[in-house]
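In the text below, chain A, chain B and the rest are named by the order of the sequence lines, each starting its count at 1. As a basis for the values below, the full set of heavy atoms in this structure was taken, side chains included, without hydrogen atoms, waters or symmetry mates.
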Protein chains: 2
Amino acid sequence: MEKQTFLKKSPLFYGIGDKEAMLRRLSGGEQVYERGERILSAGKICERIGVILEGSADVVREDAEGVPVTVARIAEGEFFAEAFACSGRALAVSVEAAVRSKVLWISVCRLFESGGSEILANFLRVFAQKNVFLTERIGHLSRHSLREKVISYLHGVARSAGSATFQIPFDRQGLADYLGCDRSALSAMLSRLKREGVLDYYKNSFRFTEKLG
Amino acid sequence: MEKQTFLKKSPLFYGIGDKEAMLRRLSGGEQVYERGERILSAGKICERIGVILEGSADVVREDAEGVPVTVARIAEGEFFAEAFACSGRALAVSVEAAVRSKVLWISVCRLFESGGSEILANFLRVFAQKNVFLTERIGHLSRHSLREKVISYLHGVARSAGSATFQIPFDRQGLADYLGCDRSALSAMLSRLKREGVLDYYKNSFRFTEKLG
DNA sequence: AAGATTCCGTTGTCGTTGCAACGTAAAAAG
DNA sequence: CTTTTTACGTTGCAACGACAACGGAATCTT
């Protein structure tokens, strides 16, 4: 992805007149990382937001026993470390290049000091939206049984779609990760709900058989 | 809490020269709500951020069966609806006054249009920090067993404290809610970890007996 | 001081779910 | 077309955890 493409498509730069000039004001440089190379290390303070222009990167968290676990993948055009950089908190995760990747860095202090109100407003909107998504996911994860987790999630999607028929953006493994459960347990619960007549589904298309809350 | 106290203490107005003038620019008015009165309704678009100047409010979410569940309480000096208002998304929750309460409203469009860079940067920092907290909680909630949830959480606190001895800001029920589990199951797990020699604790004071990851 | 209330740990039961293993179907690679 | 890989569902099992109920300790109230 070219820098121009990113500038054009990213909500961070939406409505900014001279996007390239703005990026020059905010730029913290570009850098290429080889496959497997460490981009950011947990525990460090990061003062830049990273944008993946080419390639992809893995977010790695160390669990309690010190075993590294990949918790997310950053794809082309997406960014990372934004919350840590903007809040000034130490990184809780590390980031590694999954393949040879080009990263565009955005300096947070320049954003705060020489960025305009428009771009700050854009960042605020993006953060607020992410906030809503995270809170939503917490709502599902907080349920005490798998059945409730699944129904809570599917109802949420149905409500967003405004219809009892809807599609989900996950495959089974992805949904299991999102809901913090086992894939096979999820499959079993889905077919149980189908058997009970609550749901019907085929692949990623779902339909609530009963009335919608 | 007086408006001046809020302005002085809130990170939203940190470093703003004339805080009162800024608030006048952003103000969406003040309003008093009686105990039990609906402040915001799920499904609506909200264009203001609410600040509780006096009293407290409950955040109520409707579960899949339509049963209202209180998911959080907003205390004096805290704010609510900020993520929905700033992202422009419809409210996923309702807010009701827990007691007779006074709410200060902050207009988001004025924040975006006539607010300065400084205050936008403050909001951005606050959102980013909340983002980090939410992500942290998701990390704990995503674990597949209660044992892992508890250890993940406690290790996180220990790491923040930089010591194997630390205090937690929850009572047992509060921690159970945070981790999405049953209180008695949590108690049982804690005493099991103590019995196994992993942990030691008394009330809210904890200590890891083994090495810290 | 006595009673009421809250908080916490324990126990027992039963449904649940993580986990490993397997089979099938579809998709991708060759 | 054949082989390989990936995605899903199913099953069995053992461990787990939600839930209810209880008792004790500490705190608050009167």
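Atom NE2 of A:His144 is separated from atom P of C:dC14 by 22 Å (rounded to the nearest Å). In this structure, B:Glu148 atom CD and C:dG18 atom P are separated by 11 Å, rounded to whole Å. Distance, A:Gln173 CD to D:dT6 P: 13 Å, rounded to whole Å. To the nearest angstrom, P of D:dG9 lies 12 Å from CG of A:Leu199. What separates OH of A:Tyr201 from P of D:dC8 is a distance of 11 Å, to the nearest Å. The interatomic distance linking A:Leu179 (CG) with C:dT16 (P) rounds to 17 Å, in whole Å. Put simply, CG on A:Leu186 is 15 Å from C1' on C:dC19, counting in whole angstrom units. Atom CG of B:Asn204 is separated from atom C1' of C:dG9 by 15 Å (rounded to the nearest Å).
Nearest to the side-chain atoms of A:Met189 among the listed nucleotides C:dC8, C:dT17, D:dG17 stands C:dT17. Out of D:dC8, C:dG18, D:dC16, the shortest distance to the side chain of B:Arg192 is found at D:dC16. Here the side chain of A:Leu146 is nearest to one of C:dC19, C:dT11, C:dT17, namely C:dT17.
Taking the ring centre of A:Phe166 as origin, the terminal cationic atom of A:Arg207 falls outside the region bounded by 6.0 Å and 45° from the ring axis. Annotation: cation-pi pair A:Lys194/A:Tyr201 present, NZ/CZ under 6.0 Å from the ring centroid and within 45° of its normal.
In this model, the phosphate group of D:dG9 is approached by a side-chain N or O of A:Arg172 to a distance below 4.0 Å at OP1 or OP2. OP1 or OP2 of C:dT10 has at least one side-chain nitrogen or oxygen of B:Ser191 nearer than 4.0 Å.
Between B:Tyr153 and B:His140, the two ring planes are perpendicular [angle over 60°; tilted spans 30° to 60°].
If you find the closest nucleotide of DNA chain D to A:Asp171 and to B:Ser145, the one lying nearer the 5' end belongs to A:Asp171. Two residues, A:Tyr202 and A:Asp182, neighbour DNA chain C, and the one matched to the more 5' nucleotide by heavy-atom proximity is A:Asp182. For the pair B:Ala188 and A:Lys203, nearest-nucleotide mapping onto DNA chain C gives the more 5' position to B:Ala188.
Proximity of a side-chain donor or acceptor of B:Gln129 to a complementary backbone N or O of B:Val126 within less than 3.5 Å is not detected.
Side-chain N/O atoms of B:Arg183 and base N/O atoms of C:dG9 include a donor-acceptor pair closer than 3.5 Å.
Considering only heavy atoms from C-beta on, B:Val32 comes within 4.5 Å of B:Arg100 through its side chain.
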